[in-house]
Every structure is written in structure tokens, then in C-alpha cells.
**Q** 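If you scroll down you'll find the structure; I have some questions about it.
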Amino acid sequence: MIPTRKDGYKLLHDGCIALAEVEANGIRIDVPRLERRIQRTGEQIKELEAKLFKSNFWKEWKTKFKNRSNMNSPVQMGSMLEASGCELDKTKTGRTKTDAVSLAKLDDPFVKDFLAKKKLEKLKSTYLTGVMREVVDGFLHPVFNLHLVSTYRSSSDSPNFQNLPIRDPEVGKIIRECFIPRDKHVLVEVDYSALEVRISACYNDDPTLIEYIQDPTKDMHRDMAAECYLLDQDQVTKTSRFYAKNQFVFPQFYGSYWGLCAPNLWKAIDEGDLATVDGVPLKEHLSDNGVYELGSYNSDERPKQGTFMRHIQNVEDNFWNERFPVYQQWKKDWWEQYLETGGFDILTGFRIDGVHKRNDVINYPVQGAAFHCLLWSLIQIQKRIRKRGMKSKIVGQIHDSIIADVYLSELQDYLNLAKQTMTKDLLDHWDWIIVPLDVEVEVGEENWWNKKEWTSDNDIWSRN
DNA sequence: TACTTCGGCGCC
DNA sequence: AAAGGGCGCCGAAGTA
């Protein structure tokens with residue numbers, strides 16, 4: 001049975017109350033450590049600044065901008081770089097682009113330190129002092145909104161709990177080590193695996209996609225790495241799989257195309273030092289297989305034979321027309337139905353009307369419904385925590401994951417509860433979920449950085 | 001001075 | 001035919 005508008009209302013009503021409790025719980029902060037981090041990061045920024053001020057590039061800068069010189073001015077930076085012969089892209093308003101990706105290719109010592117300084121400034125302003133500002137009596141109480149996002153996802157602010165660094169280990173470690181469990185507790189994060197892909201299958205019903213989800217021996221990202229880089233399955237490495245996933249599969253699902261994917265996959269070869277399992281560098285391997293260069297984009301003809309552009313165009317064509325034709329047809333039908341009716345319905349009981357781009361119409365229903373799986377689970381888990389009189393508390397949520405501060409002796413209980421709710425009870429609640437759901441668990445004993453993957457035989461906590 | 005917009009960047 | 005979805009926060013730039 002498909003949820004009604006009233007069901008949708010109830011979900012947000014209950015969700016609102018549940019998240020208010022999450023906000024009230026709050027997450028414990030190691031305040032002295034956070035203060036030290038602010039101090040030390042500030043010193044590191046000063047050191048880099050001093051180094052930059054001594055450079056020749058800065059001398060020229062001062063010649064040009066005199067006492068108006070400001071190293072933090074992207075306009076001045078762009079002007080200086082162009083004066084020294086760098087070719088940089090422009091923003092939509094015509095300013096010179098000075099973002100990290102554009103600058104990284106310049107390979108200049110000043111630019112390198114400049115980017116390092118910017119990275120630390122982001123850490124210090126947004127994350128370290130941004131968190132510090134909101135701490136009350138050693139606890140942080142981020143706000144979780146259900147009324148702001150066009151897709152019916154949540155958002156978070158004051159501070160935003162949903163965008164704390166994690167991918168850059170240097171920065172991620174510094175901030176996340178400041179998030180700590182209460183005494184005799186551990187931080188537990190339970191994530192849905194590949195939730196949006198699974199929910200998309202509930203809309204498009206593509207048999208091949210469902211097969212990938214159901215069969216643990218199949219691996220879509222490995223298969224696409226093989227195609228993108230012309231490898232045999234057993235020549236795909238962890239790294240080439242990683243780039244195929246993030247530079248081809250996900251972008252394709254979000255509506256990107258070969259003209260963007262190909263340059264990114266090509267860049268990844270150098271960036272990730274990609275090679276075959278046997279150690280043959282990928283560019284060499286590609287050229288042995290008839291792909292000699294990236295090639296270029298041209299609006300009025302196909303990319304040239306023998307280019308990576310042409311190759312990825314073929315891979316994309318095959319991806320949608322041969323591998324996932326049902327998904328492809330769903331996108332077409334879904335878009336046409338939107339054009340006819342002026343809106344579309346989400347599987348969790350919501351309707352979205354108004355003017356939207358094609359990619360939005362395809363992506364919104366998936367993003368919204370995926371989050372609602374998380375929200376329903378969070379509501380249930382919290383209900384049961386209260387009913388059982390447990391000491392453990394849910395302290396945050398990040399779109400497809402739940403973070404809880406779990407009392408040590410309740411750890412096994414909590415994990416059973418979370419797993420049961422997220423992978424079993426939810427499927428009973430919504431029969432439109434036609435694929436299995438799975439979760440990954442991480443437990444942080446000291447803080448939110450050094451969390452470790454938890455498996456059922458990893459019971460060092462339940463020993464006591 | 002106070003406000004909005006822009007570019008940039010962190011996450012899913 | 002077009003061509004990467006969704007947020008919040010920061011400092012600089014722009015405007016009144």
C-alpha cells in the first residue's frame with residue numbers, strides 16, 4: 001500500500017518530535033581539546049602566512065595593490081595569477097576562478113601554501129570555532145530541520161552536524177576527535193548501505209539493478225571500473241573501483257554525462273596512480289587497447305575514435321541502453337508524466353509540484369524517500385529506547401545514518417534494536433520497498449574519529 | 001553600517 | 001535536448 005498524504009504528515013509530525021529529543025540530548029564535546037585545537041590551528045595559519053608574506057609573489061602583489069593588498073581577496077589573487085601568465089577559468093559573473101581544483105594544476109609553491117592556509121582557515125572558522133560557539137555546558141545541540149529542503153530531506157544547522165569533515169583525514173581527525181561519548185558510553189554510527197541506489201530501484205524496478213542489490217557476489221562499481229578502464233574483472237583495483245563509483249556510476253545516476261565523466265575519470269588515472277592489478281600503469285594499458293588520449297568535446301560531432309571521450313561515450317550508451325534499459329525507460333516515463341501533470345509523487349506520501357529541471361524530477365523522489373527510511377527508523381528506535389528505559393541516546397542523524405551515544409552495557413541491545421528496525425521492521429512498514437536493506441555499524445570508544453567497523457564477532461565491549 | 005550576493009567548500 | 005541531486009557556513013565583494 002502506497003502511503004497517503006496523511007501518512008506523510010504523520011511521519012513529519014513524529015519525526016519533528018523525535019528530532020527535538022535528539023537536539024535536547026546533544027552530543028558531548030571535549031572542550032579543552034577543542035580549545036587547544038583552535039589555538040594550535042591559529043598558530044599554524046600564522047606560520048603559513050609568515051612564509052607567504054616573505055615570498056616574491058607577495059612582493060609583486062604589494063607592488064600592484066599597494067596598501068589595499070589582501071591575501072584573502074580572491075579577486076586580487078585571480079588578477080595576480082593571470083598577470084603571471086596562468087590561464088584560469090571564469091565564474092558565471094566573469095571573475096577569475098580561484099578554487100582549489102583550478103589552482104591545484106598550477107603546481108606553484110606559493111599556491112600550494114596558499115591552499116594549505118585556506119584549508120586550515122576553513123577548519124578553524126567553520127568547524128572548530130563554529131562548534132565552540134554553540135557548546136553549552138560541554139554539550140552540542142545541533143538543530144535538525146524537516147521543513148526546509150525541496151526534496152523533503154532534512155537539514156541541520158547551528159552548527160550543521162551533517163557536513164563535518166571526514167574524507168580529508170588530517171582535518172577530519174582534528175575536529176572529530178573533539179566529539180566524545182558520555183562517561184561509560186560509546187559513540188555508535190549505523191549507516192544504511194547504498195540507500196539511494198536501493199530506493200531508486202523501488203521506483204524504476206530495473207531487474208539488473210535489483211540483481212546487483214540482491215546478489216552479494218555482484219558488484220556494479222567493479223563492473224563499471226572494468227568497462228571504463230578496459231580491464232578484466234580481476235584487474236580492477238580498489239582505487240580504480242573507487243573512481244568508477246564516484247566519477248562514473250553516481251554521476252550517471254544523478255544525471256551527468258560522458259562529457260563530464262570522461263575528463264574526471266581521466267584525471268583520476270594520474271591522481272590515484274591507477275594501474276592494473278599486475279602493475280601496468282592505466283594509461284599504458286589503455287593505449288595498448290586503442291585509447292590514446294583524452295580527446296576533446298565538440299558540440300557538433302562525436303569525439304574522435306581512439307579517444308577516452310569516445311570510449312566513455314560508448315560506455316555510457318551501453319550503461320543505459322543495454323545494462324539498465326528499464327531504469328532508462330522509467331526516467332523517460334517519469335519525466336513525461338511530470339510534464340503532463342505538473343508534479344510527481346514520492347513513495348512516502350508527498351507530492352512535489354512546480355517548475356523543475358529534468359534531473360531534479362528524476363532525483364528528488366529518490367532523495368526524499370531514502371531519507372524517510374532513515375527518519376522512520378530513527379523514530380522507532382527512539383520509541384523503543386524510551387519504552388525499555390534504556391540510558392542510550394540518539395544524538396544525531398546524517399541523511400542515511402544514525403549516531404547514538406550508547407551506554408556500554410546496552411551496546412549489544414542497541415545494535416540489535418537498530419539493525420532489526422532498519423533492515424526488518426521498515427520493510428514490514430512499507431511494502432513499496434522491494435529490495436533488501438542493509439546497514440554498516442561503526443563504534444567509537446574514545447571519540448567520533450577513531451570509530452571502528454563493528455562485526456558480530458567483535459565483542460570486546462560486551463566482554464565486561 | 002547593515003544587508004545581500006557570490007564563490008568556495010564541507011557533508012550525504 | 002541537456003548534460004551532477006540536496007544542504008549550511010564562511011569571508012569577500014557588492015549595494016544601499
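So you know, we letter chains A, B, ... as the sequences are listed, proteins then strands, and number each from 1.
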**Q** Side-chain donor or acceptor of A:Asn160 under 3.5 Å from a matching atom on the base of C:dG8?
**A** no
**Q** In whole angstrom, what separates A:Lys245's NZ from C:dG4's C1'?
**A**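 Taking atom C1' of C:dG4 as the reference, NZ of A:Lys245 is at 17 Å.
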**Q** C:dG5, OP1 or OP2 - any side-chain N/O from A:Thr151 closer than 4.0 Å?
**A** no
**Q** Does A:Lys66 make a cation-pi contact with A:Trp61 (under 6.0 Å, within 45 degrees of the axis)?
**A**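 The answer is no, since A:Lys66 fails at least one limit relative to A:Trp61.
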**Q** Report the distance from atom CD1 of A:Ile175 to atom P of C:dC10, rounded to the nearest whole Å.
**A**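 These atoms are roughly 12 Å apart.
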**Q** Verify whether the ring centers belonging to A:Tyr229 and A:Tyr243 lie closer than 6.0 Å.
**A** no
**Q** With a 4.0 Å cutoff (strictly under), does any side-chain N or O of A:Thr91 reach OP1 or OP2 of B:dG7?
**A** yes
**Q** Report the nucleotide, chosen from C:dG6, C:dG11, B:dG7, that has the shortest atom-to-atom distance to any side-chain atom of A:Ser125.
**A**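 Of the candidates, C:dG11 comes closest.
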**Q** Mind calculating the distance between CZ (A:Phe253) and C1' (C:dG4) to the nearest angstrom?
**A**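 Taking atom C1' of C:dG4 as the reference, CZ of A:Phe253 is at 14 Å.
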**Q** Hey, what bend do you get for the helix from B:dT1-C:dA16 to B:dC12-C:dG5 if you fit axes on five pairs at each end, rounded to 10°?
**A** 10°
**Q** Check this one for me: any side-chain N or O of A:Ser155 less than 4.0 Å away from OP1 or OP2 of C:dG8?
**A**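 Yes, within the criterion.
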**Q** Could you tell me the separation between the NE2 atom of A:His356 and the C1' atom of C:dG6, rounded to a whole number of Å?
**A** 13 Å
**Q** Can you find a donor-acceptor N/O pair under 3.5 angstrom joining the side chain of A:Arg167 to the base of B:dC11?
**A** no
**Q** Got more than 12 heavy atoms from elsewhere within 6.0 Å of NZ, A:Lys451?
**A**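 Count over threshold, so yes.
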**Q** If you measure from the ring centre of A:Tyr257 to the centre of the six-membered ring in the base of C:dA3, is it under 5.5 Å, with the planes under 30° apart?
**A** yes
**Q** Among C:dA12, B:dC12, B:dG8, which is the nearest nucleotide to the side chain of A:Asp99?
**A** B:dG8
**Q** Could you check which of B:dC11, B:dC9, C:dG5 has an atom nearest any side-chain atom of A:Lys118?
**A** B:dC9
**Q** Answer with base, sugar-phosphate or nothing: what part of the nucleic acid does A:Val171 contact at a heavy-atom distance below 4.0 Å?
**A** nothing
**Q** To the nearest Å, give me how far apart CD (A:Glu121) and P (B:dC9) are.
**A**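 Whole-Å distance recorded here is 12 Å.
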**Q** Which of these nucleotides, B:dG7, C:dC9, C:dG6, is closest to any side-chain atom of A:Ser158?
**A**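 So the side chain of A:Ser158 is nearest to C:dC9.
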**Q** With a 6.0 Å cut-off (strictly less than), is the heavy-atom count around CG of A:Asp107, excluding the residue itself, greater than 12?
**A** no
**Q** Nearest to the side chain of A:Val149 - C:dC7, C:dG4, C:dA13?
**A** C:dC7
**Q** B:dG8, OP1 or OP2 - any side-chain N/O from A:Thr98 closer than 4.0 Å?
**A**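 Answer is yes, contact under 4.0 Å.
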**Q** Looking at every strand, decide which applies to A:Leu123 at a 4.0 Å heavy-atom threshold: base, sugar-phosphate, or nothing.
**A** nothing
**Q** Do you see a donor-acceptor pair shorter than 3.5 Å between the side chains of A:Ser154 and A:Gln397?
**A** yes
**Q** Rounded to whole angstrom units, what separation is found between the CG atom of A:Asp157 and the C1' atom of B:dG10?
**A** 15 Å
**Q** Does the gap between the ring centers of A:Tyr152 and A:Tyr364 come in under 6.0 Å?
**A**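 Judged by ring-centre distance (under 6.0 Å), A:Tyr152 and A:Tyr364 do not meet the cut-off.
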**Q** Parallel, tilted or perpendicular for A:Phe344 and A:Trp334, by the 30°/60° rule?
**A**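 Because their plane-to-plane angle lies in the 30° to 60° range, the rings of A:Phe344 and A:Trp334 count as tilted.
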**Q** Any side-chain N or O of A:Lys119 under 4.0 Å from OP1/OP2 of B:dC9?
**A** no
**Q** Between C:dG8, C:dA3, B:dC9, which nucleotide gets closest to the side-chain atoms of A:Asn359?
**A** C:dA3
**Q** Given C:dA13, C:dG5, B:dC6, which nucleotide is nearest the side-chain atoms of A:Tyr364?
**A**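 Shortest atom-to-atom distance from the side chain points to C:dG5.
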**Q** Compute whether any side-chain donor of one residue and acceptor of the other, for A:Arg323 and A:Tyr212, lie under 3.5 angstrom apart.
**A**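 There is such a pair between these side chains.
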**Q** To the side chain of A:Ile398, which of C:dG4, B:dC12, C:dG6 is closest?
**A**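 Nucleotide nearest to A:Ile398's side chain: B:dC12.
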**Q** Between A:Arg358 and C:dG5, is there a contact of a side-chain N or O with OP1 or OP2 at under 4.0 Å?
**A**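 Checking A:Arg358 against C:dG5: no side-chain N or O falls below 4.0 Å of OP1 or OP2.
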**Q** Rounded to whole angstroms, how far apart are CZ on A:Arg133 and P on C:dG8?
**A** 16 Å
**Q** Whether A:Ser150 contacts C:dC7 is assessed here as follows: a side-chain N or O lying under 4.0 Å from the phosphate OP1 or OP2. Is that the case?
**A**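 Answer yes for this pair, as a side-chain N or O of A:Ser150 is under 4.0 Å from OP1 or OP2.
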**Q** Could you go through the side-chain hydrogen bond (donor to acceptor under 3.5 Å, both in side chains) check for A:Asp333 and A:Gln329 one step at a time?
**A** CA-CA 6 Å; A:Asp333 295 344; A:Gln329 185 63 40; 2.9 Å; yes
**Q** Pick base, sugar-phosphate or nothing for A:Asn163, based on heavy-atom distances below 4.0 Å to the nucleic acid.
**A** base
**Q** A:Ile166 has a side chain; which of B:dC11, C:dC9, C:dC7 sits nearest to it?
**A**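 Output: B:dC11.
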**Q** Looking at every strand, decide which applies to A:Gly255 at a 4.0 Å heavy-atom threshold: base, sugar-phosphate, or nothing.
**A**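 If one applies the 4.0 Å heavy-atom cut-off, A:Gly255 turns out to touch the sugar-phosphate alone, with no base involved.
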**Q** Ignoring hydrogens and geometry, is there a side-chain-to-backbone donor-acceptor pair from A:Ser200 to A:Val366 under 3.5 Å?
**A** no
**Q** Could you state the CZ-P distance from A:Phe144 to B:dC12, rounded to the nearest angstrom?
**A**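 Result: 14 Å.
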**Q** When you measure from the side chain of A:Lys122, which nucleotide among B:dC12, C:dC9, B:dC6 comes out closest?
**A**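 Nearest listed nucleotide: C:dC9.
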**Q** NA contact type, A:Asn246, heavy-atom cut-off 4.0 Å: base, sugar-phosphate, or nothing?
**A**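 No contact.
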**Q** Below 4.0 angstrom, which residues in residues 296-332 of chain A have at least one non-hydrogen atom near DNA chain C?
**A** none
**Q** I need the single residue from A:Phe53, A:Phe57, A:Trp58 that forms a ring pair (Phe, Tyr, Trp, His ring centres under 6.0 Å) with A:Phe110. Which is it?
**A** A:Phe57
**Q** Determine: side-chain N/O of A:Arg68 to OP1/OP2 of C:dA13, distance under 4.0 Å, yes or no.
**A**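 It does not, given that no N or O in the side chain of A:Arg68 lies less than 4.0 Å from OP1 or OP2 of C:dA13.
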**Q** Please determine whether the number of non-hydrogen atoms from other residues, nucleotides or ligands lying under 6.0 Å from atom CD of A:Glu336 exceeds 12.
**A**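 Enclosed: over 12 neighbouring heavy atoms sit under 6.0 Å from CD of A:Glu336.
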